[in-house]
Structures are given as structure tokens and as C-alpha cells.
Amino acid sequence: MLAAETYRDYCPNGLQVEGRPQIKKIVAGVTASQQLLELAIACDADAVLVHHGYFWKGESATITGTRKRRLQLLLQHDVSLLAYHLPLDAHAKFGNNITLAQQLGFVVQGCVMQGDAKGLLWQGELLQAQTATQFAQHIQSRLQRAPLHLSSASQRPVRTLAWCSGAAQGYIEQAATLGVDAYISGEVSEQTYHLARELDIHYFAIGHHASESFGVQALAQHLAQQFDLDWEFVDVLNPV
Ligand SMILES: [Zn+2]
């Protein structure tokens, strides 16, 4: 459904850890941290569905330390772990980018990039132009978290937008080539400050976790309807 096999990703997508064969309850969360697993087990989940799972490219392949403890929890309780990374950012209905845009009330024009980056950078606009300060307040009211705003040099009003969930501050130059007033992503780097000024584009770092909280909920809700399951979103708060 997510066409996961068509992405060149940094981790395996789909069933990462196999638990019991029957699933009646799914717990959805952003990241398969130990805390999420403990909370999922406490509410009798058969499977945990996340955006950030395990087995990332470049990571040590040994089962030690935090990795051992997390896997041990899943295996001891016979709970499955399903993880969808880029396919869940990009999906046109359940993806983090489209669901974030709905949450923030953007008028969506569509995704910009194709190929390996398909579905990652999106473009749209606000119904009415706002000052950057008004826009930051709007984001805060919808996400219950104040964004970090890096101003464009000209302090232009904000109407046209590009966005990419997660740690995609590196797309700020691609966003600027679209001529939009503001670019929105989850995290920020030291150099983002200078790029925002020099490219004359506002940058809003809205939180990696906050920007990727909605896709997994949309997907879990869909799966629950499709297969008659119980589901619950467990939000392990993360200030980053
Ligand atoms: Zn992410």
C-alpha cells in the first residue's frame, strides 16, 4: 500500500521484528524507543507501528546496549515491530508531509521532487499572507510547541510555502529555488541561519518529532478500519 519497495531507504521498511501471528491491537508511535515499547506492552499491544524503527544504515550491527534491551523487550513479549520511514513521509494520503499540511491548514499544491526524493519536499500556500510572527504563533497553536524561526533578510510576509518533515533543513536551497516565502522542517543546523538570510527565505524548525507525529496515526487508523483492530497513539514527548 505504501509502495515501500520502491524507495531506496536507510532502513528496512515493514516488519522489522516478528512477534505473535495474530494482531488485535496496534500501538502507534513516532520512534521505537524503550519507553514507547514499555508503554505499548503495558496496554497489551500485539504490534508497535512507528516511523523511526531500527537497523539504520551505518549503525553497528551488534545486538548490544540499548539495542539489546529494546529487542529483548519485543522478543520476550512476542510483540511485532513495524516501521515505515521514507514511504511514510511521502505517501499522498497517510504521509507525514500531507498530514502535517492538513494539521497546519496549508493549501497543498503537491510534492516537488521525484526519483529517490519523491514525496519528500512539498509546496503550497496559506489562504492569506501573514507576518512571520503570526505564522510562528499559528504553528505553536496547532502543534503545542513554539517553532524556532530564522528570518529571511527582507522579513517578507509569509504566504507561499515549502515543507519536508523530519531533519530536512538541508533542502532549504531547493525550497528557495521554488521562490517560496518560507521553508518548514523539523530540525535546524548552524548553517541554516546564514542560508535563510542569504537566500531570503524564512525558516521554521518545528520539531522533528512534532513534524512526524501525524503520518503514523493516519496509517494506524487506516489499518484498524481495514482489519478491524484496536489502535492507540502513544505520544512519548520529545522536545527535538
Ligand atoms: Zn524522522
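Every number for a ligand or one of its atoms is a count from 1 in the order of the listing.
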- Message: Checking D181 against R159 for the salt bridge (charged side-chain N to carboxylate O under 4.0 Å, His left out) test, could you report, in this order, the C-alpha distance in whole Å, the side-chain angles of both residues, the deciding distance, and whether it holds?
- Response: CA-CA 6 Å; D181 302 317; R159 195 181 63 81; 5.5 Å; no
- Sequence neighbours excluded, the answer for side-chain hydrogen bond (donor to acceptor under 3.5 Å, both in side chains) partners of S189 is Q169
- Applying side-chain hydrogen bond (donor to acceptor under 3.5 Å, both in side chains), name anything that partners Q102, two or more places apart in sequence or on another chain. none
- Is it true that a side-chain atom of Q155 and a backbone atom of S151 form a donor plus acceptor pair closer than 3.5 Å? no
- Query: Distance only, no hydrogens: is a donor on one side chain within 3.5 Å (strictly under) of an acceptor on the other, for H91 and N97?
  - Reply: no
- Note on the structure: A correct count of protein N/O/S atoms found below 2.8 Å of the Zn ion (ligand 1) gives 3
Would you mind writing out the side-chain donor-acceptor pairs for residues 232-239 within the sub-3.5 Å range, not counting sequence neighbours?
residue : atom : partner : partner atom : Å
E232    : OE1  : K25     : NZ           : 2.7
D235    : OD1  : H209    : NE2          : 2.7
N238    : OD1  : V240    : N            : 2.9

